[in-house]
Amino acid sequence: RDRYTGLINRYRDHLPVNDDTPIISLGEGNTPLIRLKNIPRLLGKDVDIYVKYEGLNPTGSFKDRGMTMAVTKAVEEGSNAIICASTGNTSAAAAAYAARAGISAFVLIPEGKIAMGKLAQAMMYGAMIMQIRGNFDQGMELVKQVAEKAPVTIVNSVNPYRLQGQKTAAFEIVEELGRAPDYHCLPVGNAGNISAYWMGYSEYHKAGIAGSVPRMVGYQATGAAPFLRGAAVENPETVATAIRIGNPQSWDKAWTAQKDSEGWFDELADEEILAAQKLLAQKEGVFCEPASAASIGGAMRDIKAGKITEGSTIVCTLTGNGLKDPDTAIAQCQQELSSGARMVTIDAELDAVKKAI
Ligand code: F0G
């Protein structure tokens, strides 16, 4: 059996590369598709729910799929610097793949609004970090202006190679299920990923590899829900900092995915996102970051309401690893822990342990 060497080698027939392309890979892709056991039972509905656990990519998020392609093509085209605006995960992936390629990475992040793990990654992988006194949308505008003049390649999802890499997640799902799911649910921020999945499903459908396509369902946080408002949101706010975005760059592509797939957009309150994150961890043993939980939280609500029908197969993308954002996780558990129900501080003595048990 061939050693797995990343998604470009795996899917090269479906990607814009040739035999001379210098592939920059960290072995991304090939992530687990986990069938949920306990949550469907809790819902009391006859549904098959799978989570695509993208938090197991090399830098802990789905961004690695896009970044292997974007950095590979940047290097092929002779670029020696990349730049992005980011809520955290893109900057981590950009920094890692730039390190691997031996080129520079410049990242613009909103000061104080990125999860600790992501900041640690950008620092550790050696990126040049610009913390801006502003939000992601402002960073995105700055990056576009800079890249117009400076010899630096944008690796945000406005770079078409990003979506090419990310579409491979849909390929993996079709291959693993032997068909396309009936519904595909995912969190929506800058809206690149929903567009990429739709591209992937559509390509496999046209090629006759999948007999159908799923309905694409995009979930946003209430405080950052431009697709629900029908227009950009000025000051986006949510605990799910990864999707704290008010002016999505793939606006038209995401609407096309929603319309052509006969799917929909919906929104979740921060409390609902956090409750879903915790439920998934405590009932299924799968720890994702808050933004990722919007997919499962939204799907659960739509299954309960019957909007997602019984007998369906549903895939939810868990976009990032729970370890990315330890602060939010700990804050969320603090209350039940401090009540003494699940955490106590004791002397290092056998009696004390026995008593606690
Ligand atoms: N989930 C996570 C964990 C993310 O990091 C992002 C986007 C999304 C969902 C939304 O995906 O933007 O394709 O709709 N994070 C970007 C970043 C914006 O900078 O890391 P999208």
Side-chain angles (χ1 to χ4, degrees), residues 51-57 59-67 70 83-96 105 107-110 113-115 117-119 121-122 127 129 132 135-140 143 154-159 162-163 165-167 169 184-200 216-221 224-227 236 238-251 253-255 257-258 265 268 273 277 287-298 316-325 328:
V51 290
K52 181 70 168 159
Y53 195 21
E54 290 288 278
L56 289 192
N57 275 296
T59 78
S61 87
F62 73 98
K63 304 288 180 178
D64 295 342
R65 290 184 187 274
M67 208 54 73
I83 190 167
C84 66
S86 181
T87 56
N89 282 323
T90 299
S91 62
V107 304
L108 278 75
I109 54 175
K113 293 291 184 177
I114 100 165
K118 304 173 189 180
L119 184 60
Q121 287 180 293
I129 302 167
I132 61 166
N135 61 29
F136 170 86
D137 302 303
Q138 293 168 297
M140 192 66 239
V143 161
I154 298 192
V155 295
N156 282 106
S157 52
V158 295
N159 178 326
R162 278 278 311 276
L163 301 195
Q166 286 171 213
K167 75 183 180 185
H184 190 111
C185 304
L186 72 180
V188 172
N190 212 21
N193 213 25
I194 192 170
S195 309
Y197 270 94
W198 181 240
M199 196 191 296
M216 301 300 299
V217 185
Y219 295 109
Q220 300 213 278
F227 285 100
T238 169
V239 69
T241 52
I243 52 173
R244 186 174 168 273
I245 294 173
N247 186 20
Q249 297 298 304
S250 295
W251 180 255
K253 286 194 181 78
W255 279 117
Q258 179 266 319
F265 291 108
L268 286 83
I273 290 174
Q277 182 196 19
F287 187 21
C288 66
E289 67 171 286
S292 309
S295 64
I296 190 73
C316 295
T317 301
L318 301 179
T319 45
N321 197 301
L323 296 171
K324 291 270 193 177
D325 191 352
T328 305

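The figures that follow rest on heavy atoms only: side chains count, while hydrogens, waters and symmetry mates do not. Just so you know, ligand 1 is whichever comes first in the structure, and atom 1 is the first atom listed for that ligand.
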Quiz item: Between Lys324 and ligand 1, which residue portion shows a heavy-atom distance shorter than 4.0 Å: side chain, backbone, both, or neither?
Solution: neither
Quiz item: Would you say Gly192 and ligand 1 have an N/O pair spaced under 3.5 Å apart?
Solution: yes
Quiz item: Is Met216 close to His184 at the side-chain level, that is, under 4.5 Å between some pair of heavy atoms?
Solution: yes
Quiz item: To which protein heavy atom is atom 11 (O) of ligand 1 closest, and what is the distance rounded to 0.1 Å?
Solution: Phe62 CZ, 3.5 Å
Exercise. May I ask you to list the atoms of ligand 1 that are less than 4.0 angstrom from any heavy atom of Thr90?
Key: 16 (C), 17 (C), 19 (O), 20 (O)
Quiz item: At a 4.0 Å threshold, what atoms of ligand 1 neighbour a non-hydrogen atom of Thr87?
Solution: 15 (N), 16 (C), 17 (C), 18 (C), 19 (O), 20 (O)
Self-check item: N/O separation below 3.5 Å, Glu289 to ligand 1
Solution: no
Exercise. Decide whether an N or O pair under 3.5 Å exists between Ile243 and ligand 1.
Key: no
Quiz item: Of all the non-hydrogen atoms in the protein, which one sits nearest to atom 13 (O) of ligand 1, and at what distance?
Solution: Asn193 N, 2.8 Å
Quiz item: Between Gly246 and Pro236, which heavy-atom pair has the shortest distance, and what is it?
Solution: N-CG, 3.5 Å
Quiz item: Taking the non-hydrogen atoms of Ser61, is any one of them nearer than 4.0 angstrom to ligand 1?
Solution: no
Quiz item: Under 3.5 Å, N or O to N or O, is Asn190 touching ligand 1 that way?
Solution: yes
Quiz item: Looking at ligand 1, does any of its N/O atoms fall within less than 3.5 Å of an N/O of Lys63?
Solution: yes
Quiz item: Nearest heavy atom to atom 18 (C) of ligand 1: which of Leu186, Ile245, Leu163 does it belong to?
Solution: Ile245
Quiz item: Polar-atom distance check: Thr319 versus ligand 1, any N or O pair below 3.5 Å?
Solution: yes
Quiz item: Nearest non-hydrogen atom to atom 19 (O) of ligand 1 belongs to which of Ser86, Ala191, Ala254?
Solution: Ser86
Quiz item: Is any side-chain heavy atom of Pro248 closer than 4.5 Å to a side-chain heavy atom of Val188?
Solution: no
Quiz item: Side chains of Lys167 and Trp198: does their closest heavy-atom pair fall under 4.5 Å?
Solution: no
Quiz item: Would you call Lys118 and Asn89 a side-chain contact if the rule is heavy atoms closer than 4.5 Å?
Solution: yes
Practice problem: List in chain and number order the residues that pass ring pair (Phe, Tyr, Trp, His ring centres under 6.0 Å) with Tyr53, two or more places apart in sequence or in another chain; answer none if no residue qualifies. | Solution: none
